[in-house]
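The structure displayed is predicted, hence computed values, not measured ones. So you know, we letter chains A, B, ... as the sequences are listed, proteins then strands, and number each from 1. Basis for what follows: all heavy atoms, side chains included, without hydrogens, waters or symmetry-related copies.
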Amino acid sequence: MHHFIEFAQNAMFAPPLRHPVHRAVAQTSRFGKKMRGQAGHPGGSGDTIENIVAMEINFELVRDAVGVKNACEELAREPVLGLDTETTELDPYKGEMRLVQLSSGRKTFVFDMLPFRTNGGLRENSELSPLRGLLESEISTKVLHNAKFDAKWIRHELGAEIANAFDTYLASQLIAAGESERRHSLADVAQFFTGTVLDKTEQLSDWRAAELSASQVEYAARDAAILLPIREQLVDRLKNDDLSKVAALEFECVMPIAEMELNGFGVDCDAWRAQLDTVRGAQAKAADELQDLLSAGVAQASLFGRAEINLDSQQQVTDALKNLGVPMPETTRAWQLQPLAEKYPVVAKLLEYRGVQKSATSFGENFLEFVEPKTGRVHADFRQIGAPTGRFSCSNPNLQQIPHDDAYRKCFRAGQGRTLVIADYSQIELRILAEFSADEKFIEAFRSGADFHLTTAAQVFNVKPEEVTPDQRSFAKRLNFGIVYGVGASRFGLMTGLSQTDAENTMRRYFSTYRKLDAYLRDSGGRVTSERKARTASGRLLRLNFDENDRQAVGAARRYGVNMPIQGTSADILKRALRLLHDAIRGTSTRLVNIVHDEIIVECDAGEVENARITLEKAMTDAAVEFIKNVPVKVDSRVSEAWSKG
DNA sequence: GTGAAGGGCCAC
DNA sequence: AAACGTGGCCCTTCAC
């Protein structure tokens, strides 16, 4: 059977075309105006066709110990090396690494792993020590495209950690600065930045063959060699756009994430199934009861007994509810239906059904298919720049959307004799906002160390902290969260139950309490609309494109652009923390197992838990302090067998 | 059958 | 004044 690895790999590199948000943007940007990809090739010489023909690759296939030694001695003199691998599968737990290609640009060595494979794999083979040494050497920069992929294979199979990675994939994403139409596969990046068109015919070849064809080897060599001229262009572009610092931050985060994906997160499948059974029972019951209630609103109900409708069809459910005389809102979303639930039991039942249906499907049997048999753990796929803000995204499965409910969280466990340490930043985005705005009163609410929402409520409503009513605290809390997203009075009123005028007055009161916060948000919004860009503390850039005549689009771009530095700085901090943690736990039993935006979960030997906890807290605090100088940073941590609270 | 698009909802 | 930011997954609907 042939394995179309390169093809699949490229598909993986490409920003997901079918991603809902990006898809929406591809037609009309999220701010309403048609977007265009950038024309021309920055730095490209323009002679695209000539480049293909002219690209002579000087390469050598290495298949024995002497060859490895000689090649590595020659390559060790180079300051920058292109690095690529060819593998038989995408997943290191499922396939094998066939080739490792290292290129100085002038000369490329293609290391065939097949002759070096022993019963213990490649790890034990000392003939590969020079290669490991080269990959781990701090002296040379290694240029890779989607370094996480190769780093995982090299870590898993060779036991080596790549030092000094330069990732052309991440660099291309940073330079694109949120331009969603730009693609980032190796072929796209090569074309865009050097004008070279890559020949893809060998993508579909069989990398398991005992003897690789000359064409296969040349193809492999070229993919490593091409990385050097691409990097040259990227380095210039990164400098020009002041992105060098954030690029270093991203590159240093690759190895921690590669290791985290290899580590995986332990899942108690029995506990998961038990919870699923419970939910399925509740789902069946809720479905049955909902059918009964709805059937009264279905025409043929009386003739044939109960008329079954598809409870997952918004259309059918809406029609049935209308027939029952329920005054339907514009959408059937939970927050819109909630007010009707008290008066109409059928609406309450629908909401109940929705809840259990979500649990039974999104967190059902399918989740268990992601458990790797070899490890008994889930090895999710983390996209390092998953959002233009710099946040991670996660899929297959998405470990960032596991319900809070202990019934789910308790299924994520440490291995035998091991313990989890779970740490998260307290109110990190609000602290970032406090730092950016330099609002003394807002900062003071953090410095006091007391309940933040209560303290802000006392400030806003001008009462003593002990006199703050639960309502006042709740208003302050919702506003504290809302302002980060640019909430308006109407939405604030909707979620608090305040009238439009009361909501407006409360917001006015809030912003007059925090004058500099108000000024910062206005200023930030103004800059977003005039300069059409935004940056985080690390310098991460977002370019915004919108039609200035479309008020809705301007408003959306403004909220997005104001939110991005806050959300993105939080991502910067997390990424920095991951690197500091990675360096601090080297040689210990501590392993990174999951991250969720402001939370880091590690697993360690039970006896080492106190050290691990201190190390984790220190890494997170040190990282945050690099970006937040004037507001105290707080990290909460706990030690547990499982992810649950208890 | 396959896939795009939209609704809905889980997380931070 | 005028829609609260970022993701992924599951479902239905509809077009091909």
Practice problem: For DNA chain B, find the residues of residues 331-340 of chain A with a heavy-atom distance under 4.0 Å and give them by number; none if there aren't any. | Solution: A:Thr331, A:Thr332, A:Arg333, A:Ala334
Quiz item: Can you name the side-chain contact (heavy atoms from CB on, under 4.5 Å) partners of A:Ala445, sequence neighbours left out?
Solution: A:Phe452, A:Thr455, A:Thr456, A:Gln459
Self-check item: All salt bridge (Lys or Arg N to Asp or Glu O under 4.0 Å) counterparts of A:Glu429, not counting sequence neighbours
Solution: A:Arg391
Self-check item: Residue list, side-chain contact (heavy atoms from CB on, under 4.5 Å) with A:Arg280, at least two apart or on another chain
Solution: A:Leu276, A:Asp277, A:Glu365
Self-check item: Contact residues, residues 485-503 of chain A to DNA chain C [heavy atom, < 4.0 Å]
Solution: A:Tyr485, A:Gly486, A:Val487, A:Gly488, A:Arg491, A:Met495
Exercise. Sugar-phosphate means primed atoms, P, OP1 and OP2; the rest is base. With that split, encode nucleotides 11-16 of chain C 5' to 3' as B, S or - using protein heavy atoms under 4.0 Å.
Key: SSS---
Practice problem: Tell me, please, which residues at least two apart from A:Ala177 pass side-chain contact (heavy atoms from CB on, under 4.5 Å). | Solution: A:Leu541, A:Arg543
Self-check item: Any residue of residues 519-530 of chain A with a heavy atom less than 4.0 Å from an atom of DNA chain B
Solution: none
Exercise. Name all residues meeting the side chain to side chain donor-acceptor pair (under 3.5 Å) criterion together with A:Glu435; count only those two or more places apart in sequence or in a different chain, and write none if there are none.
Key: none
Self-check item: side chain to side chain donor-acceptor pair (under 3.5 Å) partners of A:Asp523, counting only residues at least two apart
Solution: A:Arg527
Practice problem: Applying salt bridge (Lys or Arg N to Asp or Glu O under 4.0 Å), name anything that partners A:Asp91, two or more places apart in sequence or on another chain. | Solution: A:Lys94
Quiz item: What residues form a ring pair (Phe, Tyr, Trp, His ring centres under 6.0 Å) with A:Phe511, not counting sequence neighbours?
Solution: none
